Amino acid sequence: MGLTPTQRRTLTIGTRASKLALVQTEIVRAALSALGLDLDIRIEHITTKGDAIQDRPLAEIGGNGLFVTRIEEALRAGDIDLAVHSAKDLSSTLPADMALAAFLPRADPRDVLVSREGVRLADLPQSARVGTSSPRRACLINTLRPDLTVLNIRGNVDTRLRKLREGQYEAIVLAAAGLERLGLVECVTEYFDPAVMLPAVAQGVLAVEVRARDSFTAELVARLNDPAASTAVRAERAFLARVGGSCALPVGAYATIEGEHLQIQGMIGAVDGRIVRGEQRASASKPEQAGAALAADMLAKGGRELVESREATAL
C-alpha cells in the first residue's frame with residue numbers, strides 16, 4: 001500500500017490506560033511505524049466498565065466485553081481508527097460493524113503462580129488464600145488443590161502484586177505474557193504446563209480491531225498479522241463461540257500448529273472443580289471447524305450439563 005497526499009496519514013489507536021495496556025499498544029505502534037509509511041500515530045486512553053468498577057468480581061458486573069465495549073463505541077463514533085486488545089478479553093463474536101484485522105505473534109500463553117513465600121502450588125499450605133479474578137483459573141486450582149481457598153482479586157498487575165505483598169493472599173495467578181511485557185518475570189514462582197492449567201482462549205495474543213468498512217486501516221493493519229497466531233486464535237474463538245454460556249463460565253482452549261495440522265485442547269468447567277476436557281487434531285486450514293467440532297464433542301460428553309447448571313445459577 002502506498003500513501004498518497006489524498007490519503008489519511010493520521011491513525012488514532014484506542015486503548016485502556018493501564019500500564020500493561022499501554023505497553024501492548026506501544027508494541028502495535030512500533031510495528032506500524034516499522035512499516036516505513038508516512039504515518040502520524042496517536043494514542044487515545046479510554047476507560048472501560050471493567051476498569052471503572054473495581055469492587056466486585058468481573059462476573060457480577062456485566063456480560064462479555066467489560067474491557068471492550070466502550071472502546072468499540074469510540075471506534076464506531078470515529079474517535080479512534082483502531083483498537084488494541086488482549087485477545088482473551090474479546091467476546092467470541094464481534095458486532096457486525098467491527099472486524100479483527102490482525103493478531104500479533106503469540107507471547108507465552110501460560111498461567112503463572114506468584115507466591116509470597118516463593119513456593120509452588122503443590123507446596124502451598126492447606127487453606128492458603130489464592131487470588132484470581134478468572135472462573136477458569138478458580139476451577140483449575142480447585143481441581144488441583146481443592147483444599148486451598150480461592151478468592152477474588154481485582155486491579156491491574158501492580159495492584160495485585162501489592163495486595164500479595166501486603167498479605168491479603170498467599171499466592172496469586174497471573175498471565176505469563178503480561179508479566180513478560182511489563183518486565184516482571186523475576187516475580188514468577190511457577191509456570192504452569194498448559195496441559196494442566198489450560199490457558200484462556202487467545203491468551204498471550206494481541207488483537208487489533210477496526211471498523212469493518214474501513215478498508216484503508218484494515219489493509220494497513222493486516223500487515224501485522226501473524227499467520228500461526230491467527231490460525232490458533234480462530235480455532236480457540238470458534239470453540240468458545242460453540243460452547244456459549246456467560247462470561248462467568250470456566251472455559252479454556254489452546255491450539256498449536258504442527259506443519260499442516262492443528263492440535264486443540266479444550267475445557268469446560270465449574271468453579272468447584274468439576275471439569276470436562278477434550279482434545280482434537282485437525283487440518284490447520286480449517287481452524288474454525290476444528291474448534292467448533294471439539295466444543296460439540298465436549299458438550300455431548302458432559303460439558304452441556306456444566307454450561308446449563310452455571311447459567312441456571314446466574315439467573
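Throughout, residue positions are numbered sequentially from 1 according to the sequence presented. Here the structure is a predicted model, which means the values were calculated and not measured.
Residues Arg136 and Gly252 share a closest heavy-atom pair of CD-CA, 3.9 Å. Here the shortest heavy-atom pairing between Ala74 and Ile46 reads CB-CD1, 3.7 Å. Scanning both residues, Cys187 and Leu161, for their nearest heavy atoms gives SG-CD2, 4.2 Å. The nearest pair of heavy atoms linking Ala232 to Ala255 is CB-O, 3.6 Å. The minimum heavy-atom distance linking Ala284 with Ile257 is given by the pair CB-CG2, 4.3 Å. When every heavy atom of Phe103 is checked against every heavy atom of Asn225, the shortest pair comes out as N-OD1, 2.9 Å.
The CG atom of Leu82 lies 12.0 Å from the CG atom of Leu100; values are rounded to the nearest 0.5 Å. Between the OG1 atom in Thr143 and the CZ atom in Arg274 there is a gap of 10.5 Å [rounded to 0.5 Å]. Distance CZ/Arg106 to CG/Leu206: 11.0 Å, rounded to 0.5 Å. Atoms CG and OG, from Leu240 and Ser91 in turn, are 8.5 Å apart once rounded to the nearest 0.5 Å. With rounding to the nearest 0.5 Å, the separation of CD in Gln203 from CG in Asp111 is 4.5 Å. Ser215 OG to Leu220 CG: the interatomic distance, rounded to the nearest 0.5 Å, is 11.0 Å.
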Kindly determine whether Arg211 and Asp81 satisfy salt bridge (charged side-chain N to carboxylate O under 4.0 Å, His left out), including the steps that lead there. CA-CA 8 Å; Arg211 290 181 292 275; Asp81 300 297; 3.5 Å; yes

Tell me, with the steps shown, if Leu148 and Leu121 meet side chain to side chain contact (heavy atoms under 4.5 Å, CB included). CA-CA 10 Å; Leu148 297 177; Leu121 184 72; 3.7 Å; yes

Between Val130 and Arg145, does the side chain to side chain contact (heavy atoms under 4.5 Å, CB included) criterion hold? Intermediate values first, please. CA-CA 11 Å; Val130 180; Arg145 286 286 308 270; over 6 Å; no

Step by step, work out the side chain to side chain contact (heavy atoms under 4.5 Å, CB included) result for Val276 and Glu305. CA-CA 10 Å; Val276 174; Glu305 179 182 345; over 6 Å; no

Step by step, work out the side chain to side chain contact (heavy atoms under 4.5 Å, CB included) result for Ile80 and Ile71. CA-CA 9 Å; Ile80 60 175; Ile71 297 176; 3.9 Å; yes

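Taking the side chain as every heavy atom from C-beta outward, Leu94 and Glu209 approach each other to under 4.5 Å. The shortest distance between side-chain heavy atoms of Ile141 and Phe192 does not fall below 4.5 Å. Counting heavy atoms from C-beta outward, Glu117 and Asp123 have side chains that stay 4.5 Å or more apart. No side-chain heavy atom of Leu151 sits less than 4.5 Å from a side-chain heavy atom of Gln168.
Of the possible donor and acceptor atoms, none in the side chain of Asn142 sits under 3.5 Å from a partner among the backbone N and O of Asp272. The closest donor-acceptor contact from the side chain of Arg110 to the backbone of Pro194 lies at 3.5 Å or more, if one exists at all. Checked by atom type and distance alone, the side chain of Thr189 never pairs as donor or acceptor with a backbone atom of Gly118 at under 3.5 Å. Not a single donor-acceptor pair under 3.5 Å links the side chain of Arg116 to the backbone N or O of Glu170. Judged by distance alone, the side chain of Arg223 and the main-chain N or O of Ala102 form no donor-acceptor pair under 3.5 Å. Remark: side-chain polar atoms of Glu236 are paired, donor with acceptor, to backbone N or O of Ala202 under 3.5 angstrom. Within the 3.5 Å criterion, the main-chain N or O of Ala228 finds no donor-acceptor partner in the side chain of Thr231.
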Distance-only criterion, 3.5 Å: show the donor-acceptor pairs between side-chain atoms of residues 260-270 and protein atoms not counting sequence neighbours.
from	atom 1	to	atom 2	distance (Å)
His261	ND1	Arg281	NH2	3.4
Gln263	NE2	Glu279	OE2	2.7

Which pairs of donor and acceptor atoms, one on a side chain in residues 175-183, lie under 3.5 Å apart (sequence neighbours left out)?
from	atom 1	to	atom 2	distance (Å)
Arg181	NH1	Gln24	OE1	3.0
Arg181	NH2	Gly204	O	3.0

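Only one option out of Asp89, Asn156, Thr47, Thr25 pairs with Arg16 in a side-chain contact (heavy atoms from CB on, under 4.5 Å); it is Asp89. Results of the side-chain contact (heavy atoms from CB on, under 4.5 Å) test with Arg42 over Thr12, Ile13, Leu11 single out Thr12 as the only residue that passes.
Evaluation of the side-chain hydrogen bond (donor to acceptor under 3.5 Å, both in side chains) test over residues 95-104, restricted to residues two or more places apart or in two chains, returns Arg76-Asp97.
Under the 4.5 Å side-chain contact rule for hydrophobic residues, Leu20 and Leu164 share a cluster. A continuous path of ILVMFWY side-chain contacts below 4.5 Å connects Leu104 to Leu35, so both sit in one hydrophobic cluster. Put simply, Val119 and Val173 are part of the same group of oily side chains (I, L, V, M, F, W, Y) that touch within less than 4.5 Å, one to the next. Taking hydrophobic clusters as Ile, Leu, Val, Met, Phe, Trp and Tyr residues chained together by side-chain heavy-atom distances below 4.5 Å, Leu124 does not share a cluster with Tyr169. With hydrophobic clusters built from ILVMFWY side chains whose heavy atoms lie under 4.5 angstrom apart, Leu294 shares a cluster with Leu306.
Side chains of Ser283 and Ser285: a donor on one and an acceptor on the other come within 3.5 Å.
Looking at Lys163 and Glu166, no side-chain N of the basic residue comes within less than 4.0 Å of a carboxylate O on the acidic one, giving no salt bridge.
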